[in-house]
Protein chains: 2
Amino acid sequence: MSPRKSVAESRSTRQRILDLGLATASAEGLEGLTIGRLAAELGMSKAGVIGHFGTKESLQLAVVEAAAELFVREVPEHARGVPRGLPYLRAACEAWISFLERELLPGGCFFTAAAAEFDGRDGPVRDAVVRMSAFWQRELRVNIWRAVSLDELPADTDIDQLLYEIVAIMLALNHFLQLHGDRQAPARARRALERLLCRRVSEFPGRSTARGTTPGTPAPAE
Amino acid sequence: MSPRKSVAESRSTRQRILDLGLATASAEGLEGLTIGRLAAELGMSKAGVIGHFGTKESLQLAVVEAAAELFVREVPEHARGVPRGLPYLRAACEAWISFLERELLPGGCFFTAAAAEFDGRDGPVRDAVVRMSAFWQRELRVNIWRAVSLDELPADTDIDQLLYEIVAIMLALNHFLQLHGDRQAPARARRALERLLCRRVSEFPGRSTARGTTPGTPAPAE
DNA sequence: CACTATGGCGACCGATCGTTCGTAATCTAT
DNA sequence: ATAGATTACGAACGATCGGTCGCCATAGTG
């Protein structure tokens, strides 16, 4: 037990940086994340912080990766073992709602914020955010498709339309929670989802999707 | 016709700053808006730019105001004369979708981006964004209420729930357009809205709102 | 023991941030 | 014509940005 913190804590230090960085970035944005502030709040020097990553962009990418790990740990893992298709959809969405409800990150969903922040830029950070967003939507999409083919959802379900509406509900949950502090928002999200995912008779008459999406290849809409 | 630009163009100059500032802020964020960049792209000095506003925060507030004017000009004004209630709801939402579809701003909806950027901060800029968001939602809410009382929507409609879902569709439209460049997103938004606003038989069975919203006072959910 | 690798620090760099100041040029009003 | 506002400029301010450098302390390895 050394009086000063051991050097062997390096892994721990890196993780501490990422933990604080993720929390900060979720609230202030990835660009608002500053080496100096990070160092000050961690009680260390700027050089000590940046030394672990080399570049601010690398740090941002590491934060995105940390956010992805947290997301995977909180959402898909919580639905582990749930049968694919409609039950999985319900479980995953509920896990995401619960994740936001518990306020694990001060700024709400990191990827929702990062998507809005980087949607008008270029570069590897934007690519990483888009990749994660696409991954999650692919996950939803393939399970919607499965639910349809298992007859858990109506056969005439427009997969991409349903995907759009599910994502919409999630974006709105983050919006109402973060901007307006609306504590009833999770209940509204659950209700809206329930209405989308209950086996309803049909959509409204008329209007089918322009081009039917090939059910065999539920690729991300990118 | 003076060879150099006349000083009397000051109003025009201020407007030019705001126009460029609004376009930039919609894509890069209000915080990414920089006096120096703004000055360089306008071919003038930093002092010349900031002189019109005094402070960066004042400039940000002026940009928010300019965004609000653009929004009002594009959305509520486009629904002028349309009967309150369901027709107004349809017209206003369509105006908003069309506004995004025409890409008047390079970064999509300014307020959607600003809401995500400032939802974790304090200060007058955040307040201004929240105020505008609340105004728009109040506008929607009062017309939902009107539509219900005119029997254009089912009597058991949960007003705040419907408001939540409408806002969700709009947030998602901006998301899919900006992050994924999904050109089918406007069609999906229209379809989702149409399904929400068509006089459907009922919600799904069970589950009514915890506390019935007093129909006489459609206050914003803040 | 010596040697190397690593983590972290302090000092410092050029660039840019927002902001202030004094001043030249132009418009408006007397 | 003269006086006072505007309007914009150039220069400079301190602060902070991301990033580099050399140094030192410790841990692991022989």
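Within every chain, numbering begins at 1; the chains are lettered A, B, ... in the order of the sequence lines, protein sequences first and strands thereafter. Bear in mind the structure is a predicted one, so any value in this text is a computation, not a measurement.
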Student: Please state how far atom CG in L30(B) lies from atom C1' in dG18(C), giving the value in whole angstrom units.
Tutor: 16 Å

Student: Check this for me: does any side-chain nitrogen of one of R121(A) and E31(A) sit under 4.0 Å from a carboxylate oxygen of the other?
Tutor: yes

Student: Who are the side chain to side chain donor-acceptor pair (under 3.5 Å) partners of E28(B), not counting sequence neighbours?
Tutor: none

Student: Output every pair passing salt bridge (charged side-chain N to carboxylate O under 4.0 Å, His left out) with a member in residues 98-119 of chain B, not counting sequence neighbours, ordered by first then second residue.
Tutor: E74(B)-R102(B), E101(B)-R190(B)

Student: With sequence neighbours excluded, what pairs up with E77(A) under the side chain to side chain donor-acceptor pair (under 3.5 Å) test?
Tutor: R80(A)

Student: How many Å lie between NE2 on H52(A) and C1' on dT6(C), as a whole number?
Tutor: 10 Å

Student: Tell me every residue that passes ring pair (Phe, Tyr, Trp, His ring centres under 6.0 Å) with F118(A), counting only those two or more places apart in sequence or in another chain.
Tutor: none

Student: To the nearest Å, give me how far apart CZ (F53(A)) and P (dG7(C)) are.
Tutor: 12 Å

Student: For dG8(C), take OP1 and OP2 only and decide whether either is under 4.0 Å from a side-chain N or O of T13(A).
Tutor: yes

Student: Heavy atoms under 4.0 Å is the rule here; annotate nucleotides 13-20 of chain D 5' to 3' with B where the base is hit, S where only the sugar-phosphate is, and - elsewhere.
Tutor: ----SBBB

Student: Round to a whole Å and report the spacing from CE of M44(A) to P of dG8(C).
Tutor: 5 Å

Student: What is the distance from CG of L42(B) to C1' of dA8(D), rounded to the nearest Å?
Tutor: 13 Å

Student: Output all residues satisfying ring pair (Phe, Tyr, Trp, His ring centres under 6.0 Å) with F110(A), sequence neighbours left out; order by chain, then residue number.
Tutor: none

